[in-house]
Protein chains: 2
Amino acid sequence: MPKIRVKAESWEDSVRVAGFRMTQPRREIMKVLESTEGHLTAEDIYLQVHEIYPNIGLTTVYRNLEFLNEHGIVAKICFQHGKAKYELAEQYSPVGHHHHLVCDECTKIINYNDFMQEEVEFLETVERGLSRRYKFRITHHEIQFNGLCQDCQDKEDQS
Amino acid sequence: MPKIRVKAESWEDSVRVAGFRMTQPRREIMKVLESTEGHLTAEDIYLQVHEIYPNIGLTTVYRNLEFLNEHGIVAKICFQHGKAKYELAEQYSPVGHHHHLVCDECTKIINYNDFMQEEVEFLETVERGLSRRYKFRITHHEIQFNGLCQDCQDKEDQS
DNA sequence: ATGGTAATGACAATCATTACCAATAAGGAG
DNA sequence: CTCCTTATTGGTAATGATTGTCATTACCAT
């Protein structure tokens, strides 16, 4: 008897299943997200798409990012430096589950996915507890470490 | 031989020690932050201060929040709903160390400080590892759980 | 009490994001 | 393949939060 295999739905399928259309702008935006480490601003994406699809409008980029976010395909993250950043949701990302190191000086962001075993254990306890205590249905989480990246530490030493 | 006791510096002291002045707007802004659960927007604070100090300008509120943030007295948090929120930094907060449950539906935010023992253990391992691996000097962290609060779950069930 | 300057308040300016609307193009039905 | 419905687009205007400017005020060290 074969193991049940949940076929991972492609993002295109899940858009269509939900009754929406596949358009070229939408595809181009996803291509950019798929070919990058992550945490791009809407403008970053706009500029990259614009290279190969010059007709794209910035409004369309925003609209699609919101759309994709609502459909669980793209994650929107807000670090405290003005603009929102976007990256592929875990399920569609080659990077997979990860979190961020944020440099408070230069605002650089580093992805990490070390210590996931420890994280899983920790989160299981906490999520279960929080759900019960606050009657909250937790769907995802975000962990972020702030501080100084190596470059900024060096600059600080010099002065 | 007495134990060394690190006297907690009042926020006013730490402002003065850094060579800056104590002003009435600054004090009023802190009063508001001290008398609230947390996560207020600049405008929330402006409105509250305005009640008892009608001359306050919104610009002054922004400027002071940034100032206080840079001096480690106030924490600035950005959830993905437009405006930045502010609360007392852990060290000056009666609430103490805590994290947030964010409802993705109604944007409500709940503070929690349960499971801190588990968190401490987890963070010790991870912070040590990340510092070494990425040469990052970690100063603080943020953990956030997103999902649906009870009210929004109920509303969902009805439909 | 006073002088140097940090801080203020009003207003203008900026910057990210959203609203609007007429024009376009997916993609299902025939 | 063609037609039709309507989701989607792109351009522009509008919004809303935050920041810059600058003349004026008021801390506070001396």
Side-chain angles (χ1 to χ4, degrees), chain A residues 11-32 39-71 73-74 76-86 107, chain B residues 10-32 39-71 73-86 107:
Chain A
W11 72 268
E12 305 203 353
D13 285 346
S14 78
V15 167
R16 273 193 248 266
V17 164
F20 297 94
R21 297 175 186 172
M22 281 308 314
T23 65
Q24 197 170 350
R26 195 162 283 172
R27 254 189 287 264
E28 297 300 341
I29 289 166
M30 282 298 284
K31 264 194 220 157
V32 169
H39 36 78
L40 296 169
T41 66
E43 204 189 353
D44 291 339
I45 296 168
Y46 167 76
L47 289 172
Q48 282 194 52
V49 173
H50 190 269
E51 299 273 301
I52 49 176
Y53 189 89
N55 270 16
I56 189 86
L58 181 53
T59 305
T60 301
V61 174
Y62 274 106
R63 246 185 326 230
N64 270 298
L65 289 171
E66 194 193 326
F67 173 89
L68 294 163
N69 177 244
E70 276 168 358
H71 289 264
I73 297 166
V74 158
K76 178 181 184 182
I77 325 156
C78 295
F79 304 101
Q80 50 261 83
H81 310 291
K83 345 192 180 183
K85 313 255 181 142
Y86 300 86
T107 78
Chain B
S10 75
W11 71 269
E12 304 204 354
D13 285 347
S14 79
V15 166
R16 274 194 246 267
V17 165
F20 296 95
R21 297 176 186 170
M22 281 310 310
T23 65
Q24 196 171 351
R26 193 161 285 169
R27 255 188 287 262
E28 298 299 342
I29 289 166
M30 282 297 285
K31 264 192 218 157
V32 169
H39 35 78
L40 296 169
T41 66
E43 204 190 351
D44 292 338
I45 296 167
Y46 167 76
L47 290 173
Q48 283 195 50
V49 173
H50 190 270
E51 299 273 302
I52 49 176
Y53 188 89
N55 270 17
I56 191 86
L58 181 54
T59 307
T60 301
V61 174
Y62 274 107
R63 248 186 325 232
N64 270 298
L65 289 170
E66 193 194 326
F67 173 89
L68 293 164
N69 177 244
E70 278 168 358
H71 289 267
I73 298 166
V74 159
K76 178 181 182 180
I77 325 155
C78 296
F79 305 100
Q80 49 259 79
H81 311 291
K83 347 192 181 183
K85 312 255 182 142
Y86 300 87
T107 78

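Model, not experiment: these values are computed from the prediction. Protein chains get the first letters and strands the later ones, always in sequence-line order, with residue 1 at the start of each.
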Identify which nucleotide among C:dA7, D:dT9, C:dG27 has an atom closest to any side-chain atom of A:Pro25, counting heavy atoms from C-beta outward.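 Looking only at side-chain atoms, A:Pro25 lies closest to D:dT9.
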
OP1 or OP2 of [N] sitting under 4.0 Å from any side-chain N/O of [X]?
X	N	answer
B:Arg63	C:dA7	no
A:Thr23	D:dT9	yes
B:Thr59	C:dG9	no

Given Watson-Crick and G-U pairs under 3.5 Å, DNA chain D in dot-bracket ([ ] crossing, | other strand) is ||||||||||||||||||||||||||||||

Taking only N/O atoms, report every protein-nucleotides 2-5 of chain C pair under 3.5 Å with atom names and distance.
residue	atom	partner	partner atom	Å
C:dG4	N2	B:Arg21	NH2	2.8
C:dT5	O2	B:Arg21	NH1	3.0
C:dT5	O2	B:Arg21	NH2	2.9

Length of the line joining [X]:[atom1] and [N]:[atom2], which is rounded to integer Å:
X	N	atom1	atom2	result
A:Gln80	D:dT18	CD	C1'	15 Å
B:Arg26	D:dA26	CZ	C1'	13 Å
B:His81	C:dT18	NE2	P	12 Å
A:His71	D:dA7	NE2	P	12 Å
A:Leu68	D:dT8	CG	C1'	13 Å
A:Gln24	C:dA26	CD	P	8 Å
B:Glu66	D:dA17	CD	P	18 Å
B:Tyr46	D:dA17	OH	P	14 Å

For [X], check side-chain hydrogen bond (donor to acceptor under 3.5 Å, both in side chains) against everything at least two apart and list the hits.
X	result
A:Thr60	A:Arg63
B:Thr23	none
B:Thr107	none
A:Asp44	A:Thr41

With ring-ring contact (aromatic ring centres under 6.0 Å, His included) as the test, would you mind laying out the steps for A:Phe79 and A:His39 before giving the verdict? CA-CA 10 Å; A:Phe79 304 101; A:His39 36 78; 7.1 Å; no

Any idea which heavy atoms bring [X] and [Y] closest together, and the distance?
X	Y	value
A:His71	A:Phe20	CE1-CE1, 3.6 Å
A:Leu58	A:Ala42	CD1-O, 4.3 Å
A:Val74	A:Asn69	O-ND2, 2.9 Å
B:Val15	B:Arg21	CG1-O, 3.8 Å

List for me each residue that meets ring-ring contact (aromatic ring centres under 6.0 Å, His included) alongside A:His50, sequence neighbours excluded, and say none if there are none.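 So A:His50 forms a ring-ring contact (aromatic ring centres under 6.0 Å, His included) with A:Tyr46.
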
[X]: partners by salt bridge (Lys or Arg N to Asp or Glu O under 4.0 Å), with sequence neighbours left out:
X	result
B:Glu43	B:Lys83
B:Lys31	B:Glu28
A:Arg16	A:Glu12

Working note: B:Val32 + B:Leu40, criterion side-chain contact (heavy atoms from CB on, under 4.5 Å); need CA distance, chi angles, decisive distance, verdict. CA-CA 9 Å; B:Val32 169; B:Leu40 296 169; 3.9 Å; yes

Between C:dG27 and A:Arg16, counting only base atoms on the nucleotide and side-chain atoms on the residue, is there a donor-acceptor pair under 3.5 Å?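 Looking at the base of C:dG27, it does not pair with any donor or acceptor on the side chain of A:Arg16 (distance under 3.5 Å).
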
Near DNA chain C, under 4.0 Å by heavy atom, which residues of residues 49-57 of chain B?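 Those residues are B:Tyr53, B:Asn55, B:Ile56, B:Gly57.
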
For nucleotides 13-17 of chain C, tabulate all protein N/O to nucleotide N/O atom pairs closer than 3.5 Å, reporting atom names and distance.
residue	atom	partner	partner atom	Å
C:dA16	OP1	A:Lys83	NZ	2.7
C:dT17	OP1	A:Ala84	N	2.9
C:dT17	OP2	A:Tyr62	OH	2.4
C:dT17	O5'	A:Tyr62	OH	3.4

